[in-house]
Amino acid sequence: MGQLDQKVALVTGASSGIGRATAERFAQEGARVIAMARRADRLASLHNQYPTIEPFACNVADYEALHTCIDQTIATHNRIDILVNNAGFSFYERHVDSTLEQWRKTMAVNVEAMYVLAKLIVPHMIERKYGRIVNVSSVQAMACEPEVGAYAASKGAINAWTRCLAVDLAEHGILANVVAPGCIKTEMSIINGADETTTESFRQWYVEQRKIPLARPGQSHEIANAILFLSGDQCTYMTGQTLVVDGGLTITF
Ligand SMILES: NC(=O)c1ccc[n+]([C@@H]2O[C@H](COP(=O)([O-])OP(=O)(O)OC[C@H]3O[C@@H](n4cnc5c(N)ncnc54)[C@H](OP(=O)(O)O)[C@@H]3O)[C@@H](O)[C@H]2O)c1
């Protein structure tokens, strides 16, 4: 028996990193997974590996495409039990150099897309009186570095919005929670061509001086396991919460 047998899940940002690991983990646990991202070739390879993963290639900021995806999924499977809003975008710029266009793109991909997907999917969850929504934010919502203002603001919005969503939807049997990852080794940890988790400054500060008490970057599957818990039937009395998965990063000075 898989933890997600009979469940239909939509995972955004499934072409790499945390989203890909989540789609794989869900498929291993018996779910049928709609895997959304822009890179169709990556999604096709995921489908080849796990035939129960169905690719849907689109930009999450293309709200018409989101409509099409949900319409098709409901027409085929008649349900969506789990929504994992994981797709994310970031850029690195001090406030004085950043633009409103960058801010708006960040909000469109990181926050608005979640709202639109939840608008589209929640009515189907209400019909079945069941649903699990997991939104991926970041420790940057609580403690931040320079140059990530828009990103941090978008992630803070996710935490706050998810709490409200949890209150709004509780009476319908729908739980909504957040996973907030710390430093995870994915394509997103490559900044200006360099993997930040392999730089000398990362080694000294986060590893040797144990700013991260567990003294290493996290791996995508470690976040996927937290998302799996919040997405499954083991999670019954937890809603509106932000689960920080960061090797202890945010508990240290
Ligand atoms: N890695 C970290 O240290 C870290 C820390 C905290 C939070 N997070 C969060 O974790 C989530 C996943 O990131 P990751 O670390 O796994 O990075 P990643 O490997 O770069 O994955 C990002 C995913 O988002 C998708 N995506 C980005 N823009 C999109 C768009 N406009 N439309 C559709 N899909 C889009 C990408 O797919 P396509 O390019 O194929 O569209 C990709 O699948 C993000 O929300 C990120 O903010 C990551």
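Heavy atoms only: backbone and side chains are in, while hydrogens, waters and symmetry mates are out.
Under the side-chain contact (heavy atoms from CB on, under 4.5 Å) criterion, A194 pairs with no residue at all, not counting sequence neighbours. Scored by the side-chain hydrogen bond (donor to acceptor under 3.5 Å, both in side chains) test, R163 finds no partners at all (sequence neighbours excluded). Listed by chain and number, the residues in a side-chain hydrogen bond (donor to acceptor under 3.5 Å, both in side chains) with N85 are N135 (sequence neighbours excluded). The side-chain hydrogen bond (donor to acceptor under 3.5 Å, both in side chains) search around R132 returns none, not counting sequence neighbours. Under the rule for a side-chain contact (heavy atoms from CB on, under 4.5 Å), the partners of E200 that lie at least two apart in sequence or sit in another chain are R203, Q204. For E222, the side-chain hydrogen bond (donor to acceptor under 3.5 Å, both in side chains) partners at least two apart in sequence or on another chain are R216.
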Between side-chain atoms of residues 226-236 and protein atoms elsewhere (two or more places apart, or another chain), which donor-acceptor pairs fall under 3.5 Å?
unit_1	atom_1	unit_2	atom_2	d
S231	OG	I227	O	2.7
D233	OD1	Y130	OH	2.5
D233	OD2	K7	NZ	3.1

Show every donor-acceptor pair shorter than 3.5 Å between a side-chain atom in residues 106-116 and any protein atom, with sequence neighbours excluded, or say none if there are none.
unit_1	atom_1	unit_2	atom_2	d
T106	OG1	Q102	O	2.7
N110	OD1	F89	N	2.8
N110	ND2	F89	O	3.0
N110	ND2	S154	OG	3.1
E112	OE1	Y63	OH	3.0

Could you list the donor-acceptor pairs under 3.5 angstrom formed between side-chain atoms of residues 34-45 and any protein atom two or more places apart in sequence or on another chain?
unit_1	atom_1	unit_2	atom_2	d
R39	NH1	E187	OE1	3.0
R39	NH2	S15	OG	3.3
R39	NH2	S16	OG	3.1
R39	NH2	E187	OE1	3.3
R42	NH1	S15	O	3.2
R42	NH1	E187	OE2	3.1
R42	NH2	E187	OE2	2.9
S45	OG	R20	NH1	3.4
S45	OG	R20	NH2	3.4
S45	OG	R42	O	3.0

When the side chains of residues 26-33 are checked against the rest of the protein, which donor-acceptor pairs come out under 3.5 Å, sequence neighbours left out?
unit_1	atom_1	unit_2	atom_2	d
Q28	NE2	Y50	OH	2.8
E29	OE1	Q3	N	2.7
E29	OE2	R25	NH1	3.0
E29	OE2	R25	NH2	3.4
R32	NH1	E54	OE2	2.9

Using a 3.5 Å cut-off and no angle test, enumerate the donor-acceptor pairs between side-chain atoms of residues 174-185 and protein atoms at least two apart in sequence or in another chain.
unit_1	atom_1	unit_2	atom_2	d
N177	OD1	G240	N	3.2
N177	OD1	Q241	N	2.9
N177	ND2	M238	O	2.9
K185	NZ	D195	OD2	2.5
K185	NZ	T197	OG1	3.4

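Taking every heavy atom of both residues into account, K155 and S138 meet most closely at CG-CB, 3.7 Å.
Looking at heavy atoms from C-beta onward, I133 lies in side-chain contact with L169 at the 4.5 angstrom threshold.
The environment of Q6 atom CD is sparse: at most 12 non-hydrogen atoms of other residues, nucleotides or ligands sit within 6.0 angstrom.
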Item to complete: Given side chain to side chain contact (heavy atoms under 4.5 Å, CB included), test H221 with Q219 step by step and report yes or no.
Response: CA-CA 6 Å; H221 73 267; Q219 302 290 326; 3.6 Å; yes
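V148 forms part of a hydrophobic cluster together with Y92, Y151, M188, I191, judged by ILVMFWY side-chain heavy-atom separations under 4.5 Å.
For the residue pair T12 / N86, no side-chain donor-acceptor distance below 3.5 Å is found, with atom types taken as modelled.
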